[in-house]
Amino acid sequence: MIISAVRNLILGDAQADRVVPPSGFTAHLTLFVSGAMAFLTVFALALSLASGRLADRWADELAGAATLRINAPAAQKAAQTEVALKILQQTPGVARARSITSDEQVALLSPWFGADLPIDSLPVPQLIEIFADDPPYDATGLRLRLQAEVPGAVLDDHTRWREPLVDAARALRRLAVVSILLLGGAMAAMITLAANAALAANAQVIEVLRLVGAQDSYIANAFIRRFTLRALSGAAVGVTLGMIGVFLLPEASDEGGFLTGLGLTGWRWLLPLWIPLLGAAVAFTATTRAANKRLGGLA
């Protein structure tokens, strides 16, 4: 039954197709709406996928690293750093830990204070970078031990930074999915209006067809086929332009932060190819409901 419906949709009936005007307001509206919605859907899909990648990357990067800050007088800083490193080496779940050198600290601070920062003469705390193993270490237990043996140590596992960033990225992904659903609903509404307008404009033709014995299913199929193919062709053009636009977006870079790298990657370039088919399905459903309702009202 499905194969027969698809075959009839593709092949159609030359006589029945004359019922639907090949051009005019409804044709232009259907082509424009389907193309515009498909174009926007490509960008919403790219945003959704990029937000998901961003959330996963931020979660992985921040969950696997932590920073230990040694706030101690200059005379005690080296000793406390040595004790802290020894504790970290003995802690299960810590893959490795290393003390950040003065040059690296200067590099971290130089964007704000310049490269000539006299770090040796400033009360800058000593930083220790911690990399978690799998399974990770017990942050609460490690904090308690550090408080007992290294008074100036402060463990920052990036939780307060990680959770808002990951939540924001996931919220962007949900927003993109909702946007895709809204675009599909708007497309269905506009195509329904266009189909109703075409049916109303051809009311006299429909009455004549009924008088000569044409069934409502025969008339409805003519409208359904024409509007479905219009939506398919318009969406195909919109997806093509959208994919070109996504391809021209700047690639991911550290300078651009999360504002770059919003394009598609790998096999995900195949996902927009489904949008014209989904658009045709939306048009098929919307036109079927509109035609059946309108023809029933004309009976």
Side-chain donor or acceptor of [X] paired with backbone N/O of [Y] under 3.5 Å:
| X | Y | value |
| --- | --- | --- |
| Gln80 | Ile70 | no |
| Thr41 | Met37 | yes |
| Thr287 | Phe284 | no |
| Gln126 | Ile100 | yes |

Check [X] against [Y] and note the closest heavy-atom contact, atom names and distance.
| X | Y | answer |
| --- | --- | --- |
| Met187 | Gly279 | CE-O, 3.4 Å |
| Pro276 | Ala235 | CA-CB, 3.7 Å |
| Leu155 | Leu142 | CD2-CD2, 3.8 Å |
| Ile191 | Ala286 | CG2-CB, 4.5 Å |
| Val150 | Val83 | CG2-CG1, 3.7 Å |
| Ala188 | Val282 | CB-CG1, 3.6 Å |

Rounded distance [0.5 Å steps], [atom1] in [X] versus [atom2] in [Y]:
| X | Y | atom1 | atom2 | result |
| --- | --- | --- | --- | --- |
| Ile180 | Leu175 | CD1 | CG | 10.0 Å |
| Thr81 | Ile128 | OG1 | CD1 | 5.0 Å |
| Leu193 | Thr30 | CG | OG1 | 10.0 Å |
| Lys293 | Asn196 | NZ | CG | 8.0 Å |
| Thr91 | Asp133 | OG1 | CG | 12.0 Å |

With a 4.5 Å limit on heavy-atom distance, are the side chains of [X] and [Y] in contact?
| X | Y | answer |
| --- | --- | --- |
| Glu82 | Ser99 | no |
| Met190 | Leu29 | yes |
| Tyr137 | Leu88 | no |
| Glu149 | Arg145 | yes |

Excluding sequence neighbours, so at least two apart, what forms side chain to side chain donor-acceptor pair (under 3.5 Å) with Thr240?
->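 Scan of Thr240 (side chain to side chain donor-acceptor pair (under 3.5 Å), adjacent residues dropped) gives none.
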What residues form a side chain to side chain donor-acceptor pair (under 3.5 Å) with Gln147, not counting sequence neighbours?
->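 Side chain to side chain donor-acceptor pair (under 3.5 Å) list for Gln147, sorted by chain: empty.
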Do [X] and [Y] share a hydrophobic cluster, counting only Ile, Leu, Val, Met, Phe, Trp and Tyr and linking them when any side-chain heavy atoms are less than 4.5 Å apart?
| X | Y | value |
| --- | --- | --- |
| Phe247 | Phe43 | yes |
| Leu278 | Met243 | no |
| Leu31 | Leu229 | no |
| Leu271 | Leu273 | yes |
| Ile275 | Val178 | no |

With sequence neighbours excluded, residues passing salt bridge (Lys or Arg N to Asp or Glu O under 4.0 Å) with Arg98 |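 So Arg98 forms a salt bridge (Lys or Arg N to Asp or Glu O under 4.0 Å) with Glu104, Glu129.
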